[in-house]
Visitor: 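Below is one structure. I have some questions about it.
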Amino acid sequence: MQFKILKKDGFARNAIIETKRGIINTPVFMPVGTNGTVKAMTPEEIREIGYEIILSNTYHLYLRPGHEIIKKLGGIHKFINWHGPILTDSGGFQIYSLASLRKITPQGVEFRSHIDGSLHFITPEKAIEIQLALGSDIMMVLDECVPYPAEKEYVKKSLKLTEDWAKRCKDYFEKHRNDQALFGIIQGGIYEELRQKAMEGIVKIDFDGYALGGLSVGEPKEDMYRVIKNIAHLMPEEKPRYLMGVGDLMDVLHAVEHGIDMFDCVIPTRNARNGTLFTSQGRISIKRSEFKEDNSPLDPDCDCYTCRNYTKAFLRHLYMCREILSMRLNTIHNLYFYCRFFEKMREAIAEGRFQDFKKQWIPVLEKNFS
Ligand SMILES: O=c1nc[nH]c2cc3[nH]c(NCCN4CCCCC4)nc3cc12
Ligand SMILES: [Zn+2]
């Protein structure tokens, strides 16, 4: 995996990640395809909107249908019919946020499946073995995503475990490596000095890229912003920097300004299914009665399939009827909006006007009619 910086504008930067399955332009947004599908979208539609990489979840695919089956059937790209790069999250976060009866031991994490209650034990080695079997292009180490709030002492102890697991992931990966990439994850809660310590330990192990984990887990925005401001630009400059689970476009602006390259979040897809749509006039909720007879397109400044062919009145009608088409048309638009936003942001960085771009968008992103 190659990472080439094309242009810097302050700490913000445009770069490309070259993988065997294609080039990724950064800053990049990765739509979330948890069960191997970006909900309601075909892979062709994702590609047509302009996305270059999607995220899938090791935890879900391991539990159902199982990584051995996916491997036997030719790997995840063939299975889900997406032939561009795929990043898989290692499962730590999903085990912490979805599974029950979790027990974290030095060896690994024991949990019960949220699907059928079956008992599982995942070690760092197993997490890498699963991602190797899936064949994802970028794999994540197994970490302990420290919940918020967490005492400083707990965070400190957890850092030791996460670093030990990162080393075990790297050792296992080196023994079985192919042309997949492996990213490390930096924890440390909202404590800068612990973040700094975690970063030194993880960077020493040496990974293809580095993620900031343990954020967007319920901590106050100002704490997340402070950690990003103090840590992001200190992460290895010549490797991709990935802020996991983010996000909200206001948070994206802040993170890109401080040097983050990669993002993933369910916001555009999940909000679409709930009728919350992002437009150039701000965020709107399509179910509002004011749209009942509104014959205008969702967003006059958007040329996505939904905005070119349907009215707010019809989109509201579909939502009120809970029609499947509502999920599809809303998702097409929100993903298109996110993809264009990132494209315009990369253009602004290329032309050295990221600050203008941020100033222009903040008032729009603050407008909320939901
Ligand atoms: O520390 C992490 N390690 C591995 N994966 C992660 C994934 C994460 N995803 C999030 N936040 C997702 C927040 N998202 C916001 C929109 C609604 C659903 C939840 N934090 C994360 C931390 C981690
Ligand atoms: Zn649109």
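Along the sequence shown, residues carry numbers from 1. Each ligand, and each atom within it, is numbered from 1 in the order the structure gives.
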Visitor: Check the side chains of Asp143 and Thr162 for a donor-acceptor pair under 3.5 angstrom, ignoring hydrogens and angles.
Guide: no
Visitor: Polar-atom distance check: Arg270 versus ligand 1, any N or O pair below 3.5 Å?
Guide: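 No, no N or O pair falls under 3.5 Å.
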Visitor: If hydrogens are left out, which of Tyr96, Phe93, Tyr242 has an atom nearest to atom 7 (C) of ligand 1, that is, the closest non-hydrogen atom?
Guide: Phe93
Visitor: Regarding Thr88 and Gln131, do their side chains bring together a donor and an acceptor under 3.5 Å, going by distance alone?
Guide: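 Judged by distance alone, the side chains do pair up.
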Visitor: In terms of ring plane angle, is the pair His258 and His254 parallel, tilted or perpendicular, where the classes change at 30° and 60°?
Guide: tilted
Visitor: Nearest to atom 13 (C) of ligand 1 by heavy atom, Gly214, Gly218, Ser216, Cys265: which?
Guide: Ser216
Visitor: So which bit of Met140 gets within less than 4.0 Å of ligand 1, heavy atoms only: side chain, backbone, both or neither?
Guide: neither
Visitor: Report yes if the distance between the aromatic ring centroids of Tyr338 and Phe341 is under 6.0 Å, otherwise no.
Guide: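 Between Phe341 and Tyr338, which both carry aromatic rings, the centre distance is not below 6.0 Å.
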Visitor: Looking only at protein heavy atoms, which one is nearest to atom 5 (N) of ligand 1, and how far off is it?
Guide: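 Atom 5 (N) of ligand 1 sits closest to the protein heavy atom Asp89 OD2, 2.8 Å.
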Visitor: What are the atoms of ligand 1, with element, lying closer than 4.0 Å to any heavy atom of Gly213?
Guide: 1 (O), 2 (C)
Visitor: Calculate the angle formed at the Zn ion (ligand 2) by SG in Cys302 and SG in Cys304; 10° precision is enough.
Guide: 110°
Visitor: Any N/O of Val266 closer than 3.5 Å to an N/O of ligand 1?
Guide: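 No; every N/O pair is 3.5 Å or more apart.
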Visitor: May I ask you to list the atoms of ligand 1 that are less than 4.0 angstrom from any heavy atom of Gln187?
Guide: 1 (O), 2 (C), 3 (N)
Visitor: Aromatic contact between Phe111 and Tyr59, with the criterion being ring centroids under 6.0 Å apart: yes or no?
Guide: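 Yes, they do, as the ring centres are separated by less than 6.0 Å.
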Visitor: Start with the C-alpha distance between Lys239 and Asp206, add both sets of side-chain angles, then the distance that settles salt bridge (Lys or Arg N to Asp or Glu O under 4.0 Å), and finish with yes or no.
Guide: CA-CA 10 Å; Lys239 298 274 178 80; Asp206 187 27; 3.3 Å; yes
Visitor: Will you find, in the side chains of Gln196 and Glu192, an N or O donor that is under 3.5 Å from an N or O acceptor?
Guide: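 Side-chain D/A pair, Gln196 to Glu192: absent.
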Visitor: Between the side chains of Ser118 and Asp116, does any donor sit under 3.5 Å from an acceptor?
Guide: yes
Visitor: Could you check which of Gly91, Cys145, Gly245, Gly247 puts a non-hydrogen atom nearest to atom 9 (N) of ligand 1?
Guide: Gly245
Visitor: Judged on heavy-atom distance to atom 3 (N) of ligand 1, which of Asp143, Ile186, Thr162 sits nearest?
Guide: Asp143
Visitor: Can a donor-acceptor pair be found between the side chains of Asp251 and Tyr225 at a distance below 3.5 Å?
Guide: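 Tyr225 and Asp251 do have a side-chain donor-acceptor pair below 3.5 Å.
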Visitor: Heavy atoms of the protein only: does one fall short of 4.0 Å from atom 19 (C) of ligand 1?
Guide: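 No, there is none.
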Visitor: Restricting to N, O or S atoms, which atom of His333 is closest to the Zn ion (ligand 2)?
Guide: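 Answer by atom name: ND1.
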